[in-house]
Number of protein chains: 2
Amino acid sequence: MNLSQFELLCEVARVKSFSKAAKLLHLSQPAVSAQINSIEDFYGTQLFERSSSGVTLTEAGKIVYSYAKEILKLHEALEKEVDALLRTENQKLVIGASSNVGNYALPCTIWTFKEKYPSAEIQQVVNNTDTILNMLKNDQIDIAILEEPMSNFTDDFVTRTVSNDELLVIAPPREPWINRTTITLHELKKAPLIMREKGSGIRRIFEEALASWGLKLDEFNVKAEMSSINAIKSTVEAGLGLSISSRIACRTAIRAGLIHPLTIEGKSIKINYQLVFKTKKPFNITGKRFIRFLAGPGDPLFC
Amino acid sequence: MNLSQFELLCEVARVKSFSKAAKLLHLSQPAVSAQINSIEDFYGTQLFERSSSGVTLTEAGKIVYSYAKEILKLHEALEKEVDALLRTENQKLVIGASSNVGNYALPCTIWTFKEKYPSAEIQQVVNNTDTILNMLKNDQIDIAILEEPMSNFTDDFVTRTVSNDELLVIAPPREPWINRTTITLHELKKAPLIMREKGSGIRRIFEEALASWGLKLDEFNVKAEMSSINAIKSTVEAGLGLSISSRIACRTAIRAGLIHPLTIEGKSIKINYQLVFKTKKPFNITGKRFIRFLAGPGDPLFC
DNA sequence: CAGGGTTACGACGAACGTAAACATT
DNA sequence: AATGTTTACGTTCGTCGTAACCCTG
């Protein structure tokens, strides 16, 4: 038996569904199914009652569940104690992140991480995707979290998808947009558009999406280029144009009614956020833990 | 992290040596080394101080060790509870064993096993190797423990070595043997010899050893064939001849001074005791546990 | 027929054993 | 030399994801 199997079992028991647990653990449903089967095989009895509307713990399952929680708690305490002992050691980790990730997602992630590992010293660097990538190459940062840097990557780097998001068109919250949920590509081409600067991951993803539809950014009515997401939001809010943003970057502004989100009719532009680091990097304990942490249950960035 | 890794760590900590732990856990030394390395990597710090005279726990290692013991204890309690819940279920396991194993090794093994899993119902069948094999084929027993049945086996069976032993020549504890520790092949060929019956694993192993030296049993002076190990020992003790036996079958008689062990000069005949079961066998919990148990630390048969 | 769980299968990585190297006494 | 650990390498087995399938409301 494996601690991660206990974690899986606890997650399944908590959400009462293989498929939901699979999503939360970043696994496929069959993988969860197989793991549960192997655990049941280990204890020689069924632990979950399967039904078409999810699963429930059997009597034996309840026993295993309660002990599994205890064991995991004990192991967390173990990690904390080792942590306390090594407090004097090098626990520093420098994380670089693109604007979207660094400004809107990562702070909460780091906060959760530091709650689990209080002695970790994390330094955060935010810049646009290209700049962060260069810093990673030059060893100025240990690890990066970026919009999917696609294939322009050598074997020297490891990438691992940790979350996903989508691109939105953002508009001022008034006519003609306020009562619409979509915008046609044709409309978007004509509208005044504010873009992020070159080197922005969001901009690149948008351009790649355009390319896949046979379009180029030149054909659009780009009024301004800005490197600050806040500046863009303010500009859109002021009604000076539309822009492109990730959902996470504008979700609070949307909730506050400051800007209005639109999707492009019939299209959807997904973003994968990835962890990137050098293959040969010898991480200290904080680095190893942070990588493990991002692989754990729940969405590490949208927490 | 894995429970078996905790077990390995505890074993290493207990015996303060990678190589000794490897033997006790039926692993190679490099395997233990690699596992410890991977555990140390997980916690981000060294857990054992290596020296040429074994290993000692570091401060961090002591912490991990104490928690590991707790976690394993908790997991044993978990198994016990599941066990109690399933007490009404089918917990029966029929184990067949050859004379050597069944008479001299298995009783203690089963006793230890039942101490760990009190609800297990184990029935033991003892007969010679060939008979036990036939019973296994006919599903009269669930599992067999035998002298290595070599290669005369199909894919339908799984074999797993669980312990080893050696063949001895046993002699009466008086002249001319009492002051000797070895016997030449030439002497053995001439001496009156008492053999186990055909179908005995011990006899087959002896005959195979002879064959590897270019000899046949016909060339020996076989005075009698007996199917009872006790009868053979009594006969040897009475000075009526020499015989061949496994060390485990005669160790108490040797300790009591009733018979005298000899090895064949320049030769050594090893015995591997193996667990054998049908590949497709769907074991109940007792069966699974028994198989796991035999793979655990310590020599399961010479306990 | 849609949501949820299982089965089948190919790919990848972890763990093992063997053998050889290396370190210490 | 002997004992004990590490490194190197090929093999095997476990775990994963994809895709197809099956069951039930």
Side-chain angles (χ1 to χ4, degrees), chain A residues 1-9 11-42 46-58 61 155 158-162 164 272 279 288 291-292 295-297, chain B residues 1-9 11-42 46-58 61 155 158-162 164 272 279 288 291-292 295-297:
Chain A
M1 284 294 299
N2 204 303
L3 292 189
S4 58
Q5 289 182 298
F6 285 135
E7 281 164 11
L8 184 144
L9 181 139
E11 201 64 15
V12 171
R14 200 173 61 81
V15 302
K16 298 183 193 305
S17 156
F18 284 14
S19 43
K20 279 177 198 157
K23 282 202 186 82
L24 288 164
L25 295 165
H26 313 296
L27 287 173
S28 68
Q29 192 186 59
V32 173
S33 217
Q35 282 293 343
I36 294 292
N37 279 333
S38 115
I39 298 172
E40 289 180 331
D41 191 59
F42 183 92
Q46 204 170 336
L47 302 178
F48 289 97
E49 207 67 66
R50 278 83 160 166
S51 84
S52 56
S53 59
V55 297
T56 53
L57 283 167
T58 62
D155 284 350
V158 180
T159 67
R160 196 173 301 176
T161 300
V162 290
N164 49 67
N272 283 325
T279 309
K288 288 173 192 161
I291 294 170
R292 273 212 299 276
Chain B
M1 284 294 300
N2 205 303
L3 292 191
S4 58
Q5 289 181 299
F6 286 135
E7 279 164 14
L8 184 144
L9 182 139
E11 201 63 15
V12 171
R14 200 172 63 79
V15 303
K16 298 183 192 303
S17 156
F18 284 14
S19 44
K20 281 177 196 155
K23 282 202 188 85
L24 289 164
L25 295 164
H26 312 297
L27 287 173
S28 69
Q29 194 184 60
V32 173
S33 217
Q35 283 293 345
I36 294 293
N37 280 332
S38 116
I39 298 173
E40 289 180 333
D41 191 59
F42 182 93
Q46 203 171 335
L47 301 178
F48 288 96
E49 206 68 65
R50 278 82 159 167
S51 84
S52 56
S53 58
V55 297
T56 54
L57 283 166
T58 62
D155 284 351
V158 180
T159 67
R160 197 173 299 175
T161 300
V162 291
N164 49 67
N272 283 324
T279 310
K288 288 172 191 161
I291 294 169
R292 273 211 300 277

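Chain naming here is simple, since letters A, B, ... match the order of the sequence lines and numbering starts at 1 in each.
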Mind calculating the distance between [atom1] ([X]) and [atom2] ([N]) to the nearest angstrom?
| X | N | atom1 | atom2 | answer |
| --- | --- | --- | --- | --- |
| A:L27 | D:dG14 | CG | P | 18 Å |
| B:Q35 | D:dT7 | CD | P | 15 Å |
| A:H26 | D:dT18 | NE2 | C1' | 19 Å |
| A:N2 | D:dT15 | CG | P | 8 Å |

Is the backbone of B:Q5 close enough, under 3.5 Å, to the side chain of B:Q35 for a donor and an acceptor to pair up by distance?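 A pair under 3.5 Å: no.
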
Could you check whether any side-chain N or O of B:E49 sits under 3.5 Å from a backbone N or O of B:T58, counting only pairs where one atom can act as donor and the other as acceptor?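 Pair absent, no side-chain N/O of B:E49 close to backbone of B:T58.
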
Start and end of chain B contact along DNA chain C [non-hydrogen atoms, under 4.0 Å]: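 Contact span on the strand: C:dA15 to C:dT25.
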
Residue whose nearest DNA chain D nucleotide is more 5′ - B:S33 or A:S28: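 Whichever sits nearer the 5' end wins; that is B:S33.
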
A:L8 or A:S52, whichever maps to the more 5' nucleotide of DNA chain D: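 Result: A:L8.
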
N/O (side chain, B:R50) to phosphate O (OP1/OP2, D:dT6) under 4.0 Å: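 Checking D:dT6 against B:R50, a side-chain N or O does come within under 4.0 Å of OP1 or OP2.
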
Please work out if A:S19 contacts a base, only the sugar-phosphate, or nothing of the nucleic acid, heavy-atom cut-off 4.0 Å.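 Sugar-phosphate contact only - A:S19 comes under 4.0 Å of backbone atoms but never of a base.
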
Determine the contact category for B:A34: base if any of its heavy atoms lies under 4.0 Å from a base atom, sugar-phosphate if only primed atoms, P, OP1 or OP2 are that close, otherwise nothing.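 Nothing, no heavy atom under 4.0 Å.
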
Which atom names give the shortest non-hydrogen contact between A:A21 and A:V15, and what distance separates them?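 Looks like N-CG2, 3.7 Å.
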
Minimum-distance pair of heavy atoms, taken over all atoms of A:L24 and A:R14: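 Where A:L24 meets A:R14 most closely, the heavy atoms are CD1-NH2, 4.1 Å.
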
Could you check whether A:R292 pairs with A:E7 (Lys NZ or Arg NE/NH1/NH2 to Asp/Glu carboxylate O, under 4.0 Å)?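 No.
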
From the options D:dA8, D:dG4, D:dG17, select the nucleotide whose nearest atom is closest to the side chain of B:P30.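 Of the options given, the side chain of B:P30 lies nearest D:dA8.
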
What nucleotide among D:dT6, D:dG17, D:dG25 has an atom nearest to a side-chain atom of B:F18?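 Comparing D:dT6, D:dG17, D:dG25 against the side chain of B:F18, the answer is D:dT6.
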
Which sits closer to the 5' end of DNA chain C, A:K16 or B:V32, going by the nucleotide each is nearest to?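 Looking at the nearest nucleotide for each, A:K16 comes out on the 5' side.
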
Can you find a pair of side-chain heavy atoms, one from A:L27 and one from A:E11, that are under 4.5 Å apart?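 With C-beta onward as the side chain, the pair stays apart.
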
B:K288 atom NZ, over 12 foreign heavy atoms within 6.0 Å: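 Above 12, so yes.
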
